[in-house]
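All remarks here apply to the structure that follows.
Chain letters run A, B, ... following the sequence lines, proteins first and then strands; every chain starts at 1.
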2 protein chains.
Amino acid sequence: MLPSGPHARVENWIPNLPSVPTLDDVARSAGVSTATVSRCLNSPERVVEHTRKRVMAAVEQLGYTPNFGARVMAAKRTFTIGAIIPTMENAIFARGLQAFQEALHARGYTLLVASSAYQPKIEEEQIRSLVARGADGLLLIGHDRDPAVYAYLRARSIPVLSAWVYLPDCDQPTVGFDNRASMRALAQKVIDFGHRSIAMISGITEGNDRAAARLAGLRDALGENGLDPDAVPVIETPYEIENGAIAFQTLMQRDMAPSVVMCGNDVLAVGALRGARELGLSVPQDVSITGFDDIELARIVEPQITTVHVPHREMGRRAAEALIDIVEKRNSGASVELQSTVRMRGSLRDLSV
Amino acid sequence: MLPSGPHARVENWIPNLPSVPTLDDVARSAGVSTATVSRCLNSPERVVEHTRKRVMAAVEQLGYTPNFGARVMAAKRTFTIGAIIPTMENAIFARGLQAFQEALHARGYTLLVASSAYQPKIEEEQIRSLVARGADGLLLIGHDRDPAVYAYLRARSIPVLSAWVYLPDCDQPTVGFDNRASMRALAQKVIDFGHRSIAMISGITEGNDRAAARLAGLRDALGENGLDPDAVPVIETPYEIENGAIAFQTLMQRDMAPSVVMCGNDVLAVGALRGARELGLSVPQDVSITGFDDIELARIVEPQITTVHVPHREMGRRAAEALIDIVEKRNSGASVELQSTVRMRGSLRDLSV
DNA sequence: GATTCAAATGTAAGCGCTTACACTGCGGTC
DNA sequence: GACCGCAGTGTAAGCGCTTACATTTGAATC
């Protein structure tokens with residue numbers, strides 16, 4: 001090699017050669033050709049045991065690790081999947097991404113991560129960046145984005161999967177749940193409990209189809225129960241606890257204070273709860289609050305929050321599997337629907353009893 | 001597929017040519033050599049304007065994007081940084097990683113993520129995987145690991161940065177805070193408040209120098225105040241809310257129930273709080289609880305938790321900057337110490353009044 | 001013992017890019 | 001007018017790997 005290996009001292013003579021072992025070094029050391037070494041690594045069954053053992057020993061002894069760039073060039077595959085999420089700071093994405101990464105790893109893939117801070121412009125830039133890096137496939141959150149993005153990806157034959165939404169009729173595969181139906185189901189419970197004066201604190205719906213679907217789900221339920229879908233007071237605000245508190249107080253100080261404030265996610269709901277506490281209102285006696293997502297927070301506050309449970313970990317895992325299946329051409333990508341379930345807890349009062 | 005995407009029909013004509021333009025195509029189209037095109041892209045000032053414009057037009061017109069793998073091979077740089085964290089599910093890592101990624105992106109780097117689930121074996125495997133993928137540098141959490149790992153990295157000249165710890169005497173750069181001193185400071189407050197019967201719920205210390213340092217910090221404070229450092233009851237348990245609750249109950253049911261239970265992090269503290277509630281004990285009247293990290297959870301529970309505030313976001317950002325500086329050889333990597341601060345809140349009772 | 005044909009292994013051609021080095025041509029200089 | 005230096009450009013050698021194809025090996029068959 002310039003002898004390499006764990007005990008190589010070469011760099012003492014030639015300062016600029018840290019002498020990382022290459023396939024060639026392994027081949028020489030094991031007394032075989034590079035092709036055989038490559039086969040040992042990529043399709044071991046094609047090499048007879050006796051040789052394979054010798055090669056593996058050399059690999060071990062030299063501390064050889066294949067060079068990624070070279071491998072990519074020769075094989076046209078990176079075994080890398082890119083994911084772009086709004087932010088890791090929201091527990092639902094952190095959890096989903098964690099599961100996604102674990103599943104990827106189990107299948108021999110590595111995760112490239114970027115975040116968009118909920119901004120379409122940044123997201124597009126990140127998509128290009130991950131594609132340029134050779135991501136074999138891409139995980140995106142939601143599906144509502146500029147068609148040009150999908151065209152770009154299609155032109156480069158990069159499979160994309162949208163998660164956190166379930167859109168059976170969409171031409172891209174999705175892995176998620178029906179945000180709209182989930183919120184409708186929760187709202188139905190709320191209405192069943194006798195609530196008629198309902199307000200909502202929603203996430204920003206522009207460019208966020210999940211938030212928009214949840215709001216739509218509430219309106220669906222209202223309409224189905226003879227209530228006016230357009231009369232519901234809605235405040236849109238970014239997903240931050242503090243914003244939930246502020247929005248809650250704004251809603252409660254209107255002429256007709258609602259009997260329940262439904263929130264676009266648990267973070268906002270926890271904020272609303274804090275807002276209620278600050279106003280001296282007790283939950284659920286004076287006002288009810290609901291959330292969405294069922295993150296840990298929802299069960300930690302007092303009272304615990306009635307919310308919609310979403311299997312985030314499973315979503316991450318299934319997304320990884322579905323995406324790899326497409327990348328490896330095992331199928332063309334059917335969407336996967338996961339079930340969400342309403343979790344009744346203390347923050348919602350039953351007015352009908 | 002080959003070409004995927006619903007509208008790709010190309011494979012009907014020329015099965016193996018999805019025809020992604022290469023440097024060569026651009027060169028031919030612009031009537032220059034590949035070297036000139038490459039220079040236009042990498043060091044434009046070395047090409048005369050007239051030529052450059054022609055080349056850029058060709059790039060634009062063909063929709064050329066450089067091939068990452070090839071570039072890596074030839075240039076030996078990936079502009080990719082790898083990070084291996086225990087898990088994204090802990091808010092402190094999610095937050096730090098988010099900031100890390102943002103800072104990386106601002107400098108033109110992309111983040112490769114892997115997680116170890118607190119298991120050294122998995123971590124080592126992930127390190128190899130990220131190195132193989134050509135990460136220009138690596139972010140690791142804590143510094144306590146097999147020397148062979150550092151030898152491996154050194155042999156490959158991969159810069160490593162340890163975060164979440166501050167070790168000025170270490171031969172690797174670190175960006176973090178002094179876990180031991182931080183816990184000592186908190187324990188001192190606890191002792192100042194008149195507590196003498198102290199117990200601790202610690203994270204698993206094996207292979208986790210942060211957890212070990214926190215425990216050591218408590219012992220330091222005890223020793224300095226004439227209390228027996230070895231008499232303190234300690235339960236080690238993984239960082240999960242449920243475990244905190246269980247450990248808390250175990251501690252309280254001993255002969256000498258402590259007046260305060262100090263926890264290795266806020267997650268355990270929240271669990272302890274729940275454990276107290278289940279036992280019918282009120283905090284801080286019957287027993288005090290402290291945490292560590294100051295995650296959102298700590299301010300959401302009732303009472304709010306006395307804890308040590310750690311600037312996770314800043315840590316992520318500074319780590320990114322320091323690591324890139326090393327990668328780009330702007331310096332050889334001085335450690336950065338961040339300040340943690342004790343946050344006094346309702347969960348700790350002052351017995352001295 | 002000669003022949004056959006898998007199985008095992010080797011040979012070598014790229015993959016698309018960067019960059020050291022070679023070349024070209026032009027405006028000074030002597 | 002021969003020579004120099006230099007900016008601008010071209011030539012071509014790899015980078016480390018995978019893989020199509022060529023070659024060797026050896027067990028099985030006749």
Side-chain angles (χ1 to χ4, degrees), chain A residues 1-2 4 16-56 58-59 62-80 131-134 136 156, chain B residues 15-56 58-59 62-79 131-134 136 156-157:
Chain A
M1 339 191 220
L2 309 158
S4 79
N16 287 325
L17 288 184
S19 79
V20 175
T22 69
L23 231 216
D24 234 66
D25 298 325
V26 177
R28 206 166 313 131
S29 153
V32 299
S33 72
T34 59
T36 300
V37 178
S38 176
R39 278 189 282 259
C40 278
L41 266 25
N42 300 303
S43 36
E45 75 284 356
R46 298 184 51 200
V47 177
V48 82
E49 162 144 18
H50 154 254
T51 319
R52 198 191 324 141
K53 271 171 71 175
R54 195 149 38 94
V55 170
M56 288 322 227
V59 166
L62 294 177
Y64 169 75
T65 326
N67 174 301
F68 178 67
R71 190 170 235 184
V72 169
M73 274 207 72
K76 311 264 178 228
R77 289 286 310 281
T78 62
F79 287 94
T80 296
V131 167
R133 290 188 132 69
D136 288 338
R156 285 180 169 56
Chain B
N16 287 324
L17 287 184
S19 82
V20 175
T22 71
L23 233 215
D24 233 65
D25 298 327
V26 177
R28 206 167 314 128
S29 154
V32 297
S33 73
T34 59
T36 299
V37 177
S38 177
R39 277 191 283 259
C40 278
L41 266 25
N42 299 304
S43 37
E45 75 284 358
R46 298 182 51 200
V47 177
V48 82
E49 162 144 18
H50 155 254
T51 321
R52 197 187 330 138
K53 269 171 72 176
R54 196 150 38 97
V55 171
M56 288 322 230
V59 165
L62 294 177
Y64 169 75
T65 323
N67 174 303
F68 179 67
R71 190 170 233 181
V72 168
M73 273 207 73
K76 313 253 177 244
R77 287 288 310 285
T78 62
F79 287 93
V131 167
R133 288 187 134 69
D136 289 336
R156 285 176 172 60
S157 314

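Between A:Leu23 and A:Tyr64 the shortest heavy-atom distance is N-CE1, 3.4 Å. Across every non-hydrogen atom of B:Pro44 and B:Arg52, the tightest pair is O-NE, 3.4 Å.
Taken residue by residue, residues 47-56 of chain A places no heavy atom nearer than 4.0 Å to DNA chain D.
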Please step through side-chain contact (heavy atoms from CB on, under 4.5 Å) for the pair A:Thr36 and A:Arg54, ending with a clear verdict. CA-CA 11 Å; A:Thr36 300; A:Arg54 195 149 38 94; over 6 Å; no

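Contacts of B:Ala58 classified as side chain to side chain contact (heavy atoms under 4.5 Å, CB included), with partners at least two apart in sequence or in another chain: B:Val26, B:Ser29, B:Ala30. For B:Thr78, the side chain to side chain contact (heavy atoms under 4.5 Å, CB included) criterion is met by B:Phe68, B:Val72, B:Thr80, B:Asp136, not counting sequence neighbours. Listed by chain and residue number, B:Asp24, B:Asp25 satisfy the salt bridge (Lys or Arg N to Asp or Glu O under 4.0 Å) test with B:Arg28 (two or more places apart in sequence, or in another chain).
One end of the helix from C:dG1-D:dC30 to C:dC30-D:dG1 points its axis 50° away from the other end's axis, with each axis taken from 5 pairs and the angle rounded to 10°.
At the heavy-atom level, A:Val72 lies nowhere under 4.0 Å from the strands shown.
Screening A:His50, A:Glu49, A:Met56 for a side chain to side chain contact (heavy atoms under 4.5 Å, CB included) involving A:Lys53 leaves a single residue, A:Glu49. Evaluated for a side chain to side chain contact (heavy atoms under 4.5 Å, CB included) with A:Cys40, the options A:Val59, A:Thr51, A:Val47 yield exactly one hit, A:Val47.
To the nearest 0.5 Å, atom CZ of residue B:Arg71 and atom OG of residue B:Ser38 are 7.5 Å apart. To the nearest 0.5 Å, atoms CZ (B:Arg39) and OG1 (B:Thr34) are separated by 8.5 Å.
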How does protein contact run along nucleotides 14-20 of chain D, one letter per nucleotide 5' to 3', with B for base contact, S for sugar-phosphate only, - for none, heavy atoms under 4.0 Å? BBBBBBB

